[in-house]
Amino acid sequence: MKPGFKIFFLILFILCVLLNSNKVFGADSKGIKLKEPNDRLQYIDFNFFNRFNDELLLQYIIAGISYNHNLKALRLKINEMRQMKNMEISKEFPSLSVGANYLGLKIPHFAFPYQGFRDNAFALPFITHWEIDLFGKRKNKIEMKREDLNASIYEEKGATIALAAEIAGVYFNIANLDEQINIQNKIIENKKDKLKRAQKRFDNGVLGKIELNNAKKEVYLEKIVLNDYKKRRETFLSNLAYLTGEAPNGEYEIRNINNIEYSGKIPDSIASDAVLSRPDLLQKEANLKKAKIDVLLARKEFLPNINVFGILMFSTLTPNFLWKGAVANLVAGATEKIFTGGERIFNIKHKKYEYERVLNEYLDTDLKALKEVNDALYNLKTDDETYRMNLENLSFEENNFVRISNSYKSGVKNRVDVLDKENSFLYEKSTTLNSKVQKFVDLISLYKALGGCL
């Protein structure tokens with residue numbers, strides 16, 4: 001390599017080493033590097049869902065996390081944020097460009113009497129530019145991008161936990177509606193049996209028209225309830241398909257709600273610091289860190305920018321295309337804005353207000369998290385107690401139905417009494433199943449409120 005090349009690049013290297021050391025000039029420390037897991041399933045606490053002892057539920061959750069398009073979009077957003085951070089890192093290094101240019105010159109002969117000088121030539125310039133991060137401005141910008149990346153990772157984690165919770169809620173509702181439809185069909189069958197008997201009594205002149213109309217009305221009212229169940233079930237099935245990244249295909253394998261029970265223990269109390277693992281709170285914390293760095297960066301705008309500009313050009317203006325005929329230049333200097341109309345002062349105030357806004361958003365999210373945990377825990381305890389009382393009532397109704405059935409077999413009670421008592425038992429069973437699913441929903445709400453840790 002020619003001596004000129006060595007000198008040019010040696011000067012540039014020395015400037016990189018001496019002036020890009022942020023420790024010497026007191027730059028801020030780097031932010032926390034957060035890495036998202038390769039598999040989003042690691043976000044989910046499957047120990048919680050295993051307590052429902054339902055393999056089908058786990059399969060739907062895994063399918064949703066694996067194929068849901070919204071989660072895929074969030075993973076792509078993380079990759080976008082990472083590349084934006086890398087773009088900021090790349091600006092720490094000098095840029096080097098090269099070009100090929102044609103030069104056409106008209107120069108008086110007496111100015112350059114040297115006969116070898118040409119007025120038509122080609123030039124090959126190597127141009128370098130570097131903004132030296134003497135005051136840590138670039139480092140601050142990298143830290144801001146890193147916090148953006150962290151926030152996007154927490155956003156993905158929160159969305160994954162929310163998706164798993166929503167799939168579980170939809171699944172339990174479908175299982176409940178399947179059984180509610182079976183119960184309602186049995187109720188309608190009993191109502192039709194009563195109507196048939198009422199019609200015979202009416203035809204024999206024993207029963208009045210009002211009683212017959214009421215019996216018909218009861219059948220139609222129960223059919224309306226059945227239609228509502230079917231409509232709600234279809235809506236939940238479509239939602240399950242959407243959440244698992246599929247088009248609605250009609251039917252899904254669902255376990256009988258009577259065979260699903262939660263084997264875990266309901267907590268008596270929860271520590272207030274349990275909400276600190278919530279992804280939305282961690283996302284707000286990352287935004288708060290970014291806003292704080294932004295204020296610091298706005299203050300540093302009053303410091304000068306230090307730039308290095310260099311050029312090394314070879315041309316055919318002279319007979320040779322070597323170092324003898326090369327033009328080299330290396331300039332290092334500082335630029336400082338003298339008057340900007342108060343823009344930098346206004347920018348600091350703007351960033352301070354932004355920081356205070358983000359801080360209040362963080363505090364609001366913290367209080368909201370505590371409220372959600374408190375509400376979910378209270379609702380869970382209350383609904384669990386309601387479910388237990390409904391189980392007792394169901395046991396009473398079942399016992400009454402058995403006794404009425406035995407009395408009917410003994411000839412003491414008539415068939416209508418049996419049908420009415422059986423419907424009472426079915427109504428109680430319907431209520432009990434609804435309270436059971438409500439308990440499951442409360443469990444899922446508490447799991448979600450705690451950031452997926454229950």
Side-chain angles (χ1 to χ4, degrees), residues 52-60 167-198 215-241 243-244 248-263 383-384 386-406 408 415-444:
F52 292 99
N53 304 300
D54 188 350
E55 290 295 330
L56 291 175
L57 172 62
L58 298 180
Q59 292 177 17
Y60 286 121
I167 289 176
V170 170
Y171 178 86
F172 290 137
N173 275 285
I174 295 174
N176 181 38
L177 287 170
D178 285 343
E179 186 62 21
Q180 295 289 351
I181 290 173
N182 293 333
I183 293 174
Q184 196 63 23
N185 282 327
K186 182 60 179 176
I187 292 174
I188 292 175
E189 182 181 337
N190 291 342
K191 293 288 186 179
K192 287 182 176 179
D193 194 353
K194 283 184 61 179
L195 176 60
K196 182 179 179 181
R197 296 175 183 276
K216 291 180 179 180
K217 181 180 177 181
E218 289 181 5
V219 174
Y220 288 123
L221 289 175
E222 298 299 342
K223 287 183 176 181
I224 292 173
V225 174
L226 178 62
N227 287 337
D228 182 65
Y229 285 157
K230 291 180 178 180
K231 181 179 69 174
R232 289 167 56 192
R233 180 180 181 274
E234 188 64 28
T235 301
F236 281 119
L237 285 173
S238 297
N239 195 22
L240 181 61
L243 294 174
T244 53
N249 56 11
E251 294 298 327
Y252 292 86
E253 186 179 1
I254 305 293
R255 191 180 179 190
N256 192 311
I257 189 65
N258 293 307
N259 300 327
I260 303 176
E261 291 291 346
Y262 182 73
S263 58
D383 290 334
D384 179 60
T386 300
Y387 172 57
R388 295 180 184 279
M389 290 188 290
N390 282 330
L391 284 175
E392 293 292 331
N393 292 334
L394 180 63
S395 177
F396 298 150
E397 286 294 340
E398 184 179 17
N399 183 267
N400 292 338
F401 172 59
V402 170
R403 292 179 181 276
I404 291 293
S405 298
N406 291 335
Y408 170 71
R415 179 61 181 169
V416 174
D417 292 332
V418 176
L419 294 174
D420 287 339
K421 187 52 66 176
E422 183 178 11
N423 279 352
S424 297
F425 167 71
L426 292 173
Y427 288 138
E428 192 61 43
K429 184 177 181 181
S430 174
T431 301
T432 302
L433 289 178
N434 286 333
S435 63
K436 180 179 184 179
V437 171
Q438 185 58 53
K439 172 188 172 181
F440 290 169
V441 171
D442 293 337
L443 281 166
I444 295 170

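For the single chain, residues carry numbers from 1 onward in sequence order. Note: hydrogens, waters and symmetry copies are ignored here, and every other heavy atom, side chains too, is used.
Side-chain contact between Tyr229 and Ser430 is present, with heavy atoms from C-beta onward closer than 4.5 Å. Using a 4.5 Å cut-off on side-chain heavy atoms (C-beta onward), Asn53 and Ser263 make contact. Taking the side chain as every heavy atom from C-beta outward, Tyr387 and Leu391 approach each other to under 4.5 Å. Taking 4.5 Å as the limit, some side-chain heavy atom of Leu237 sits within range of a side-chain heavy atom of Tyr252. Counting heavy atoms from C-beta outward, Leu195 and Lys216 have side chains that approach closer than 4.5 Å. Contact annotation: the side chain of Lys421 never approaches that of Asp417 to less than 4.5 Å [non-hydrogen atoms, C-beta and beyond]. For the pair Ile183/Ile187, a side-chain contact is recorded, criterion being any heavy-atom separation below 4.5 Å from C-beta on. The shortest distance between side-chain heavy atoms of Ile257 and Phe440 falls below 4.5 Å.
Atom CD of residue Glu253 and atom CD1 of residue Ile174 lie 12.5 Å apart, to the nearest 0.5 angstrom. Once rounded to the nearest 0.5 Å, the distance linking CD of Gln184 with OH of Tyr427 reads 6.5 Å. Rounding to the nearest 0.5 Å places OH of Tyr220 at 12.5 Å from CG of Asn227. Glu422 CD to Ser405 OG: the interatomic distance, rounded to the nearest 0.5 Å, is 7.0 Å. In this structure, Asn393 CG and Met389 CE are separated by 8.0 Å, a value rounded to the nearest 0.5 Å. Put simply, CZ on Phe425 and CG on Asn399 are 11.0 Å apart, with the number rounded to the nearest 0.5 Å.
Taking 4.0 Å as the cut-off between side-chain N and carboxylate O, Lys429 and Glu397 do not count as a salt-bridged pair.
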### Message
I'd like to know whether Leu443 forms a side-chain contact (heavy atoms from CB on, under 4.5 Å) with Tyr262, so could you lay out the CA-CA distance, the side-chain angles of the two residues, the decisive distance to 0.1 Å, and finally the verdict.
### Response
CA-CA 9 Å; Leu443 281 166; Tyr262 182 73; 3.5 Å; yes
### Query
After noting the C-alpha distance and the side-chain angles of Lys192 and Glu189, does the key distance pass the side-chain contact (heavy atoms from CB on, under 4.5 Å) rule?
CA-CA 5 Å; Lys192 287 182 176 179; Glu189 182 181 337; 5.8 Å; no
### Message
Apply side-chain contact (heavy atoms from CB on, under 4.5 Å) to residues Leu226 and Ile188 and explain how you reach the verdict.
### Response
CA-CA 9 Å; Leu226 178 62; Ile188 292 175; 3.7 Å; yes
### Stepwise side-chain contact (heavy atoms from CB on, under 4.5 Å) check, Asn259 with Asn256
CA-CA 6 Å; Asn259 300 327; Asn256 192 311; 3.6 Å; yes
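Side-chain atoms of Thr432 do not come within 3.5 Å of backbone N or O of Leu394 as any donor-acceptor pair. Side-chain atoms of Lys436 never come within 3.5 Å of backbone atoms of Asp384 as a donor-acceptor pair (strictly under, hydrogens ignored). Between the side chain of Asn406 and the main chain of Val402, a donor-acceptor pair closer than 3.5 Å is present. Remark: side-chain polar atoms of Asn185 are paired, donor with acceptor, to backbone N or O of Ile181 under 3.5 angstrom.
Listed by chain and residue number, nothing satisfies the salt bridge (charged side-chain N to carboxylate O under 4.0 Å, His left out) test with Glu398 (two or more places apart in sequence, or in another chain). With sequence neighbours excluded, the residues satisfying side-chain hydrogen bond (donor to acceptor under 3.5 Å, both in side chains) with Lys191 are Glu218. When the side-chain hydrogen bond (donor to acceptor under 3.5 Å, both in side chains) test is applied to Thr386, no partner is found at least two apart in sequence or on another chain. Among residues two or more places apart in sequence or in another chain, the side chain to side chain contact (heavy atoms under 4.5 Å, CB included) test is passed with Asp383 by Asn379, Gln438, Asp442. Judged as a side chain to side chain contact (heavy atoms under 4.5 Å, CB included), and not counting sequence neighbours, the contacts of Asp228 are Lys231, Arg232. Under the ring-ring contact (aromatic ring centres under 6.0 Å, His included) criterion, Tyr171 pairs with Tyr60, sequence neighbours left out. Residues satisfying the side-chain hydrogen bond (donor to acceptor under 3.5 Å, both in side chains) criterion with Asp178, sequence neighbours excluded, are Arg233. Not counting sequence neighbours, the partners of Val416 by the side chain to side chain contact (heavy atoms under 4.5 Å, CB included) test are Lys194, Arg197, Asn414, Asp420. In this structure Asn434 satisfies the side-chain hydrogen bond (donor to acceptor under 3.5 Å, both in side chains) test together with Asn176, Gln180, sequence neighbours excluded. Residues meeting the ring-ring contact (aromatic ring centres under 6.0 Å, His included) test with Tyr408, sequence neighbours left out: none. A search for side chain to side chain contact (heavy atoms under 4.5 Å, CB included) contacts involving Asn182 returns Glu179, not counting sequence neighbours. Contacts of Glu222 classified as salt bridge (charged side-chain N to carboxylate O under 4.0 Å, His left out), with partners at least two apart in sequence or in another chain: none.
Side-chain contact, Asn390 with Thr431: no donor N or O sits under 3.5 Å from an acceptor N or O.
With a 6.0 Å radius and a threshold of 12 heavy atoms from other residues, nucleotides or ligands, Arg415 has its CZ atom above the threshold.
Of all non-hydrogen atoms in Ala168 and Leu57, the two that sit nearest each other are CA-CD1, 3.7 Å. Scanning both residues, Ala198 and Ala215, for their nearest heavy atoms gives CB-CB, 4.3 Å.
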